[in-house]
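What you see below is based on every heavy atom in this structure, not just the backbone, and it leaves out hydrogens, waters and symmetry mates. Computed from a predicted model, the values in this text were never measured in an experiment.
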Amino acid sequence: MGVGTGRIIYSHILPNALISILSTLTVTFNNAVLSEAGMSYLGLGVQPPVPSLGRMLSEAQPYLGINPWYGIFPGLLILLLILGIALVNEGLQREKA
């Protein structure tokens with residue numbers, strides 16, 4: 001009917017694929033955060049001048065008996081970051097559905 005390819009993609013394909021794209025992006029972001037924290041915890045992540053939540057957990061491990069908040073706050077931040085992104089994803093899926 002004379003409609004361009006860009007308009008077909010923008011008006012028909014993209015709105016239907018948006019929920020799947022957002023879900024994939026949030027799961028990938030959460031996996032990246034967990035991977036970086038895990039690698040840094042093992043000492044294989046970013047090097048010491050750069051802050052990392054995994055390295056903070058690793059450095060706090062000897063002090064957990066004396067000062068447990070050294071390990072609680074980085075762990076809680078990882079948990080809240082991943083949970084927050086997952087809840088945003090859930091809200092966007094419910095809004096689109």
Side-chain angles (χ1 to χ4, degrees):
M1 298 192 57
V3 177
T5 311
R7 183 173 168 103
I8 292 172
I9 290 173
Y10 183 72
S11 63
H12 295 287
I13 297 174
L14 190 60
N16 291 325
L18 195 59
I19 294 173
S20 298
I21 292 170
L22 286 175
S23 296
T24 303
L25 286 176
T26 56
V27 168
T28 303
F29 179 78
N30 287 344
N31 286 341
V33 169
L34 285 176
S35 296
E36 192 279 329
M39 295 295 279
S40 293
Y41 180 79
L42 295 174
L44 302 172
V46 295
Q47 296 304 313
V50 180
S52 172
L53 293 171
R55 193 164 27 90
M56 288 179 193
L57 283 173
S58 178
E59 291 173 356
Q61 193 171 359
Y63 304 107
L64 287 178
I66 303 166
N67 296 324
W69 56 84
Y70 286 168
I72 289 174
F73 290 129
L76 190 62
L77 187 60
I78 292 170
L79 174 78
L80 290 176
L81 179 64
I82 290 174
L83 183 63
I85 295 296
L87 289 176
V88 166
N89 178 34
E90 183 75 24
L92 288 173
Q93 283 182 355
R94 286 188 183 183
E95 183 180 311
K96 296 289 181 185

Undergrad: Linking I/L/V/M/F/W/Y whenever any side-chain heavy atoms sit under 4.5 Å apart, do Y41 and I82 land together?
TA: yes

Undergrad: When clusters are formed by joining ILVMFWY residues with side-chain heavy atoms under 4.5 Å apart, either directly or through shared neighbours, do L57 and L42 land in the same one?
TA: yes

Undergrad: Would you say that S40 contacts L53 through its side chain, given a criterion of any heavy-atom pair below 4.5 Å between the two side chains?
TA: no

Undergrad: How would you list, by chain and number, every residue that makes a salt bridge (charged side-chain N to carboxylate O under 4.0 Å, His left out) with E59, sequence neighbours excluded?
TA: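 Testing E59 for salt bridge (charged side-chain N to carboxylate O under 4.0 Å, His left out), a comparison that skips the adjacent residues, returns R55.
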
Undergrad: If Ile, Leu, Val, Met, Phe, Trp and Tyr residues are connected whenever their side-chain heavy atoms lie under 4.5 Å apart, and connections chain through other members, are F29 and I78 in the same group?
TA: yes

Undergrad: Would you say L87 and L83 make side-chain contact, with heavy atoms under 4.5 Å?
TA: yes

Undergrad: I85, L34: one ILVMFWY side-chain cluster at the under-4.5 Å cut-off?
TA: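 Same hydrophobic cluster.
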
Undergrad: Measure across S52 and V46 and return the closest heavy-atom pair with its distance rounded to 0.1 Å.
TA: CB-CG2, 3.7 Å

Undergrad: Hydrophobic cluster membership, with links at side-chain heavy-atom distances under 4.5 Å among I/L/V/M/F/W/Y: are V27 and L25 in one?
TA: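 Each belongs to a different hydrophobic cluster.
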
Undergrad: Rounded to the nearest 0.5 Å, what separation is found between the CG atom of L92 and the CG atom of L18?
TA: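 Those atoms lie 8.5 Å apart.
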
Undergrad: Not counting sequence neighbours, which residues clear side chain to side chain donor-acceptor pair (under 3.5 Å) with T26? List them please.
TA: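 For T26 the side chain to side chain donor-acceptor pair (under 3.5 Å) partners, ignoring immediate neighbours, are N89.
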
Undergrad: Locate the shortest heavy-atom distance separating Q47 from G45; write the atom from each residue and the value.
TA: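 Nearest heavy atoms, Q47 then G45: NE2-O, 3.5 Å.
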
Undergrad: Treating T24 as the side-chain partner and S20 as the backbone partner, does any N or O pair qualify as donor plus acceptor under 3.5 Å?
TA: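 A pair under 3.5 Å: yes.
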
Undergrad: Which pairs count as salt bridge (Lys or Arg N to Asp or Glu O under 4.0 Å) when at least one residue sits in residues 20-45, sequence neighbours excluded?
TA: none

